[in-house]
Amino acid sequence: MSAYQLNYLEELEAESIFIMREVAAQFEKPALLFSGGKDSITLVHLARKAFAPAKIPFPLVHIDTGHNFPEALEFRDQMAKEVGATLIVRSVEDTIRVRKLTEPKGKFASRNWLQTYTLLDTIEEFSFDACIGGARRDEEKARAKERIFSVRDEFGQWNPKLQRPELWNIFNGRIHKGENVRVFPISNWTELDVWNYIREEKVGLPSIYFSHERELIEHDGQLIAASDFIRLDPEDVVIKEKVRYRTVGDMTCTAAVRSGANSIDEVINEIKATRISERGETRIDDKVTEAAMEDRKKNGYF
Amino acid sequence: MNILRFITAGSVDDGKSTLIGRLLYDSKSILADQLEQLEKSSAKKNDNGEIDLALLTDGLRAEREQGITIDVAYRYFSTPARKFIIADAPGHVQYTRNMITGASNAELIIILIDARQGVVEQTRRHSIIASLLKIPHVVVAINKMDLVDFSQDVFNNIIIDYSKVATQLGLNDVKFFPISALQGDNIVDRSEHMAWYDGPSLLQFLEEVPVENDTNLKDQRFQVQYVIRPQTDDLHDYRGYAGKVQSGIFKKGDRITVLPAGISTTVTAIEIGGKEVKEAFAPQSVVFQLKDDVDISRGDAFVNAAEAPELKSELDVILCWLDDKPLQTGNKYYLQHNARTIRTIVRTLEHKIDVNTLQPLEITSPVTLNEIVKAKLKTAAPVVYDSYDLLPANGSAILVDETSNSTVAAVLFR
């Protein structure tokens, strides 16, 4: 093998850095959507490498549902500080109050859907013209069809039938006033690629990605953290288990997996061995219909 | 472990989705919950109790309802040997646009042929796109061998027919595989039904096909994407030119020429991710520091003067039209050549190219969606480019409609 060949992680990194730089160059007010989860942590790490030795030339934005894991929030603040980036946090709680939105009801009432309101308000407040997100095409069927530069109309809506052709490595970020672009630099990465990259680059992660003891309830075969955000019914039994999280979303809609994995190597081995997909195992919001993600994206979701 | 990006092309019902489903399924990239979903959807669609692997690749509701593929979808799977990125492009006539999109980043194309049908018009069309976009490796997968009794004669006759097409189009690296995507013959493992076939399975070939020679490491080409200026106390005078090495190898100390200005200077440092390196090669994303304080901005090219690219503002191009609105000669468009955007007009149209025969066609009607045309562009400033045939990484661009902002054409420089 020639010395002048990149391995798969180096090639993915080079591509993602190229995309980050296109965003900084083509847009006036970009932002990076940062939740403190592994995919957006990877984005921040890539952005840092893309613009070194300068600081990341755009703010990090978190749409806080109020249902986040405290460990992820702590990590979010720490990482933003460490890379010297501006962190903007806007809360779904405020949107609900100001806009008099109706909170979803039920046992695992999720604010996932309501995030879109806060996101669109934040885009308007700061006049963001591009939002960098950590979505990957291997996550879900509708995402497999989305472009790396995904143009959204004034309502934040994705129109799958009117996507711009995306050829070679040429990204057309030209938009009309009021429109914005969602950019997905790690589109071509898989869950395992992200983990392997994190291992290779020694990127830090919130503690909940590793084995820890937690109080949970078991519902429909999924382990949900016993928090103030879910309704505990008389028949629910709170159990204590050693678990870790495979994805980090809201406490109300992210399920834990039983695990004793304390290191990245152990986590990677478990992911390699699992027979269940990331979203299937850990997201209770995608189970509703086959087109759940497609519908949310059409309404302005990430 | 490296990456192979490939595209699959076939007519409707050639079994393209089934092939992709089979590759994902047999390489264990489909997990239990996805399988469960698939079983449910299969039961809804057919009542024969079999899993419909094609349903795996239909992403959008309309596609599932109509049983067609609307848009390019990307699929991923890995084996210990390689990571694979599949561009799954639709087969019908009206979606040639998506095939060009998917093919633009592919190092290999799998063209599916139904063993019962042989080489058809769509086969020819997909091969023409492979030839036009210079996809380095062509795989012809002759599918549904189970429906022709795994006949060697059928296979050989299709090879003879297709070889004529390949010769005509100048496709050099063509490999043929007799497969049944539905039953899994010669996909991951060698088929037990075709003892006469002694080549590798399709997956084995995809794992082993050498791709390292596909990257041009000879001609130095780099384009500035973004200028990094930290403007901090300790890095007060730092200026870094960030971008991707399109081709060739750059070394610290290299004498380079900045185009279009034509100024010569020396590379004093190369950085990747904030760390200094001695050399950089395609397709790395890097930062260059230069000896002289030259006025450089986004879109400027760094090249070796001895093997310089073209520098012209009257350009001979091939346009693949991708928009619903027809091409308007005399209209202004933006020519986006990687990081450089220049205003341009389509000055004259020479002739259309028949996508079924590659023959020139006289222009008697406007150039519309999915048509290919030879044209002359006039740009507001000189473009630093190479011929697509010689150096695709610096030979391609897009046209953007300045009123709708749509990407309306793929541009290949001649």
- Counting heavy-atom pairs under 4.5 angstrom with chain B, the leader among A:Glu166, A:Arg21, A:Glu13 is A:Arg21
- Message: Less than 4.5 Å to any heavy atom of chain A: does that hold for the side chain of B:Tyr334, its backbone, both, or neither?
- Response: side chain
- Task: Find the distance between OH (B:Tyr76) and CD (A:Glu139) and round it off to the nearest 0.5 Å.
- Result: 11.0 Å
- Note on the structure: Between A:Pro165 and B:Thr101, the two heavy atoms sitting closest are CB-OG1, 3.4 Å
- Message: Which heavy atom of B:Lys244 sits nearest to which heavy atom of A:Phe18, and what is that distance?
- Response: CB-CD1, 3.7 Å
- Query: Looking at CD1 of A:Ile19 and CD of B:Gln225, how far apart are the two atoms once the value is rounded to the nearest 0.5 Å?
  - Reply: 9.5 Å
- Between chain A and each of B:Val211, B:Ile398, B:Val287, count heavy-atom pairs under 4.5 Å; write down the option with the most. B:Ile398
Side-chain donor-acceptor distances from residues 226-237 of chain B under 3.5 Å, at least two apart:
{"residue": "B:Thr232", "atom": "OG1", "partner": "B:Asp234", "partner atom": "OD1", "Å": "3.1"}
{"residue": "B:Thr232", "atom": "OG1", "partner": "B:Leu235", "partner atom": "N", "Å": "3.4"}

- Query: How far apart are the closest heavy atoms of B:Ser404 and A:His176, and which atoms are they?
  - Reply: O-NE2, 3.5 Å
- Please look at A:Arg147 and chain B and tell me whether the side chain, the backbone, both or neither of the residue comes under 4.5 angstrom of a heavy atom of that chain. side chain
- Is the backbone N or O of A:Phe171 less than 3.5 Å from a side-chain atom of B:Gln336, with the two atoms forming a donor-acceptor pair by type? yes
- Closest heavy-atom pair and its distance - A:Trp168, B:Ser104: N-OG, 2.7 Å
- Query: Is chain A contacted by the side chain of B:Thr215, its backbone, both, or neither, given a heavy-atom distance below 4.5 Å?
  - Reply: neither
- Task: Over all heavy atoms of both residues, which pair between B:Gly274 and A:Ala52 is shortest? Give the atoms and the distance, please.
- Result: CA-CB, 3.6 Å
- Task: Drop me the distance from A:Arg174's CZ to B:Glu402's CD, to the nearest 0.5 angstrom.
- Result: 8.5 Å
- Partner of A:Leu167 under side-chain contact (heavy atoms from CB on, under 4.5 Å), chosen from B:Asn105, B:Val411, B:Leu133, B:Thr407: B:Thr407
- Message: Quick one, B:Asn405 with A:Arg164, criterion side-chain contact (heavy atoms from CB on, under 4.5 Å). Give me CA distance, side-chain angles, the key distance, then yes/no.
- Response: CA-CA 9 Å; B:Asn405 291 332; A:Arg164 292 176 183 170; 3.3 Å; yes
- Query: Is it the backbone or the side chain of B:Glu279 that comes under 4.5 Å from a heavy atom of chain A, or both, or neither?
  - Reply: side chain
- Query: Among A:Leu9, A:Asp138, A:Asn188, A:Ile17, which residue forms the greatest number of heavy-atom pairs with chain B at distances under 4.5 Å?
  - Reply: A:Asn188
- Query: Non-hydrogen atoms of chain A under 4.5 Å away: do they reach the side chain of B:Val286, the backbone, both or neither?
  - Reply: backbone
- Row check, A:Tyr8 ring normal vs B:Lys83 NZ/CZ: under 6.0 Å, within 45°: no
- Task: Taking heavy atoms only and a threshold strictly under 4.5 Å, list by residue number the residues of residues 23-31 of chain A that touch chain B; give 'none' if the list is empty.
- Result: A:Ala24, A:Ala25, A:Gln26
- Message: Could you check whether any side-chain heavy atom of A:Leu12 comes within less than 4.5 Å of a side-chain heavy atom of B:Ile3, counting everything from C-beta outward?
- Response: yes
- Query: Can you tell me how far the CD atom of A:Glu11 sits from the OG atom of B:Ser285, to the nearest 0.5 Å?
  - Reply: 11.0 Å
- Near A:Lys55 NZ, under 6.0 Å, is it more than 12 heavy atoms from other residues, nucleotides or ligands? no
- Taking all non-hydrogen atoms of both residues, which atom of A:Leu6 and which atom of B:Pro283 are closest, and how far apart? CD1-CD, 3.6 Å
- Item | Side chain / backbone / both / neither for B:Arg5 at chain A, heavy atoms under 4.5 Å | side chain
- chain A contact via B:Ser297 - which portion, at a heavy-atom distance below 4.5 Å: neither
- Message: Taking side chain as everything from C-beta outward and backbone as N, CA, C, O, which of these in B:Tyr238 sits under 4.5 Å from a heavy atom of chain A? Side chain, backbone, both or neither.
- Response: side chain
- Query: Below 4.5 Å, heavy atoms only, C-beta onward: do A:Glu22 and B:Arg298 meet side chain to side chain?
  - Reply: yes
- In terms of heavy-atom pairs under 4.5 Å with chain B, which of A:Leu192, A:Leu46, A:Asp193 leads? A:Asp193
